[in-house]
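Atoms within a ligand are numbered from 1 in the order they appear, just like the ligands themselves. Worth knowing before you read on, the calculation uses all heavy atoms, side chains too, and leaves out hydrogens, waters and symmetry mates.
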Amino acid sequence: MQAIILLGAPGAGKGTVAEDLKRQIGIEHISTGDMLREAIRAGSPVGLEAKAFMEKGELVPDDVIIRLVRERLLAGGSDAWYMFDGFPRNVHQAELLDAMLPECGGALTHVFLLEVPRDLIIRRISNRRVCRQCGAVYNLIGMRPKVENVCDLCGGEVYQRPDDNEATVNNRLDVFNRETAPLVEYYRRKGLFVQIDSSDRLDTEKAILQHLGRA
Ligand code: ADP
Ligand code: ZN
């Protein structure tokens with residue numbers, strides 16, 4: 001099993017890029033945010049525990065996240081190819097992932113940081129809409145669904161995430177700078193780190209594909 005990681009602030013485009021690459025090269029997209037939203041929708045114990053943290057833009061406790069990821073990895077085959085989006089989100093989660101990968105017969109090959117200026121992040125997030133059913137990401141500037149509020153891919157309802165409001169976004173950016181940004185150094189030391197200018201979606205995807213030898 002092989003894995004890559006997409007790092008980046010909220011609104012950097014991790015989810016959009018991951019879904020595009022999944023369609024193009026068949027790499028599986030593991031979004032812990034999508035998994036948590038699904039758990040909330042299903043009313044599961046994980047969902048009940050995660051909800052309050054997510055509404056405030058705080059990180060959900062590491063043990064909850066690790067349980068979700070472990071279950072997902074163990075369900076996949078040994079030749080599976082994964083792209084993590086929104087995980088790991090702090091050094092502790094990165095260490096737990098390092099410990100978990102050999103257990104699943106896997107290895108990390110690349111860690112991509114998607115870099116976007118802060119004003120673009122705020123603009124993207126306030127215009128972001130997502131499919132409640134499949135997690136597809138839309139944007140009112142440039143990437144609207146063909147039919148208003150209806151997902152192009154699955155027909156599900158397209159809505160605005162409750163944590164995409166200004167106060168919560170600011171907190172999520174602070175949490176990113178404090179908790180997640182140190183992962184850059186962590187993966188740089190392991191020689192896995194690649195920085196990508198992510199202002200433009202297609203350029204971002206092209207750059208990632210080149211690094212993966214799939215261009
Ligand atoms: P974004 O990257 O735009 O912030 P996500 O969907 O990745 O959106 O995350 C939304 C929320 O879900 C986060 O603010 C956090 O509360 C929770 N979350 C997602 N992934 C993790 C994780 N790996 N560790 C802790 N909390 C997480
Ligand atoms: Zn959908």
Side-chain angles (χ1 to χ4, degrees), residues 5-19 22-23 29-41 46-73 82-97 100 113-114 116 118 120-139 143-147 149-183 198:
I5 293 173
L6 299 185
L7 283 179
K14 304 181 297 289
T16 308
V17 164
E19 280 300 306
K22 176 179 165 185
R23 277 194 293 276
H29 176 196
I30 300 191
S31 160
T32 44
D34 285 350
M35 290 162 92
L36 293 169
R37 279 183 287 279
E38 175 57 36
I40 290 176
R41 200 162 62 115
V46 165
L48 292 176
E49 189 172 353
K51 193 165 187 281
F53 293 99
M54 292 177 75
E55 278 169 359
K56 284 184 287 196
E58 297 293 331
L59 294 187
V60 173
D62 293 343
D63 61 313
V64 174
I65 301 293
I66 289 299
R67 240 182 308 144
L68 278 179
V69 173
R70 183 192 300 274
E71 273 170 28
R72 179 75 190 270
L73 291 186
Y82 296 108
M83 179 169 33
F84 293 111
D85 152 17
F87 171 86
R89 237 177 171 93
N90 58 30
V91 170
H92 186 230
Q93 290 183 10
E95 288 167 352
L96 292 170
L97 176 63
M100 193 176 3
L113 174 68
L114 308 194
V116 180
R118 189 177 171 118
L120 184 55
I121 284 181
I122 303 281
R123 188 142 41 98
R124 278 188 185 168
I125 294 187
S126 52
N127 289 292
R128 171 159 72 182
R129 300 292 183 273
V130 296
C131 172
R132 208 184 273 283
Q133 201 158 291
C134 76
V137 185
Y138 298 92
N139 200 296
M143 279 167 43
R144 287 173 168 273
K146 293 196 183 81
V147 178
N149 299 331
V150 178
C151 178
D152 294 352
L153 301 178
C154 78
E157 183 205 351
V158 172
Y159 80 123
Q160 182 170 35
R161 277 169 41 180
D163 60 344
D164 278 353
N165 65 75
E166 197 180 330
T168 310
V169 168
N170 280 322
N171 192 41
R172 281 157 59 205
L173 288 172
D174 290 346
V175 168
F176 175 80
N177 289 328
R178 192 175 63 232
E179 304 273 345
T180 312
L183 291 179
S198 193

Peer 1: If we set the cut-off at 4.0 Å for heavy atoms, which region of H92 has an atom near ligand 1: side chain, backbone, both, or neither?
Peer 2: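 It is neither; nothing of H92 touches ligand 1.
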
Peer 1: Any idea which part of R172 is under 4.0 Å from ligand 1, heavy-atom wise: side chain, backbone, both or neither?
Peer 2: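 Within the 4.0 Å criterion, R172 contacts ligand 1 through side-chain atoms alone.
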
Peer 1: What part of V60, side chain from CB on, backbone N/CA/C/O, both or neither, has a heavy atom under 4.0 Å from ligand 1?
Peer 2: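 The part of V60 near ligand 1 is both the backbone and the side chain.
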
Peer 1: Would you mind checking which non-hydrogen protein atom is closest to atom 24 (N) of ligand 1, with the distance to 0.1 Å?
Peer 2: Q93 NE2, 2.9 Å

Peer 1: Whether the side chain of N171 engages the backbone of K56 through a donor-acceptor N/O pair (distance < 3.5 Å, no angle test) should be reported.
Peer 2: yes

Peer 1: Look at the side chain of R124 and the backbone N and O of G11, then say whether any donor-acceptor pair between them is shorter than 3.5 Å.
Peer 2: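 Checking the backbone N and O of G11 against the side chain of R124, a donor-acceptor pair under 3.5 Å is found.
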
Peer 1: Name the closest protein heavy atom to atom 20 (N) of ligand 1, giving the residue it belongs to and the distance to 0.1 Å.
Peer 2: T32 OG1, 2.8 Å

Peer 1: R128 versus ligand 1: do any nitrogen or oxygen atoms come within less than 3.5 Å of each other?
Peer 2: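 Such a contact does occur with ligand 1.
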
Peer 1: Working to 10°, measure the angle at the Zn ion (ligand 2) formed by atom SG of C154 and atom SG of C151.
Peer 2: 120°

Peer 1: For G86, is there any backbone N or O sitting under 3.5 Å from a side-chain donor or acceptor partner on T32?
Peer 2: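 Yes; judged by distance alone, with no hydrogens or angles, the pair exists.
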
Peer 1: Report the part of R161 (side chain from C-beta onward, or backbone N, CA, C, O) that has a heavy atom under 4.0 Å from ligand 1; answer both or neither where that applies.
Peer 2: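 Side chain only.
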
Peer 1: Indicate yes or no: does an N/O atom of K14 lie under 3.5 Å from an N/O atom of ligand 1?
Peer 2: yes

Peer 1: Does a salt bridge link D63 with R70, judged by any charged N lying under 4.0 Å from a carboxylate O?
Peer 2: no

Peer 1: Could you check atom 12 (O) of ligand 1 against the protein and tell me its nearest heavy-atom contact, residue, atom and distance included?
Peer 2: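 Of the protein heavy atoms, M54 CE, 3.3 Å lies nearest.
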
Peer 1: If the threshold is 4.0 Å, N to carboxylate O, is there a salt bridge linking E55 and K51?
Peer 2: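 Looking at E55 and K51, the cut-off is met.
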
Peer 1: For atom 9 (O) of ligand 1, grab the closest protein heavy atom and report residue, atom and distance to one decimal in Å.
Peer 2: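 Nearest neighbour among protein heavy atoms for atom 9 (O) of ligand 1, to 0.1 Å: R89 NH2, 3.3 Å.
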
Peer 1: Under 3.5 Å between some N or O of ligand 1 and some N or O of A9?
Peer 2: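 N/O-N/O distance below 3.5 Å does not exist for this pair.
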
Peer 1: Does any N or O atom in E58 lie less than 3.5 angstrom from one in ligand 1, N or O only?
Peer 2: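 Yes.
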
Peer 1: Between the side chain of S126 and the main-chain N/O of I122, is any donor-acceptor distance below 3.5 Å?
Peer 2: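 Yes, S126 side chain to I122 backbone: donor-acceptor pair under 3.5 Å.
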
Peer 1: Heavy-atom distances under 4.0 Å are what count here, so tell me which part of L36 touches ligand 1: side chain, backbone, both or neither.
Peer 2: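 The side chain, only.
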
Peer 1: Look at the side chain of K14 and the backbone N and O of L114, then say whether any donor-acceptor pair between them is shorter than 3.5 Å.
Peer 2: no

Peer 1: Step by step, work out the side-chain contact (heavy atoms from CB on, under 4.5 Å) result for F87 and I66.
Peer 2: CA-CA 9 Å; F87 171 86; I66 289 299; 3.9 Å; yes

Peer 1: Side chain, backbone, both or neither: which part of R37 has a heavy atom under 4.0 Å from ligand 1?
Peer 2: side chain

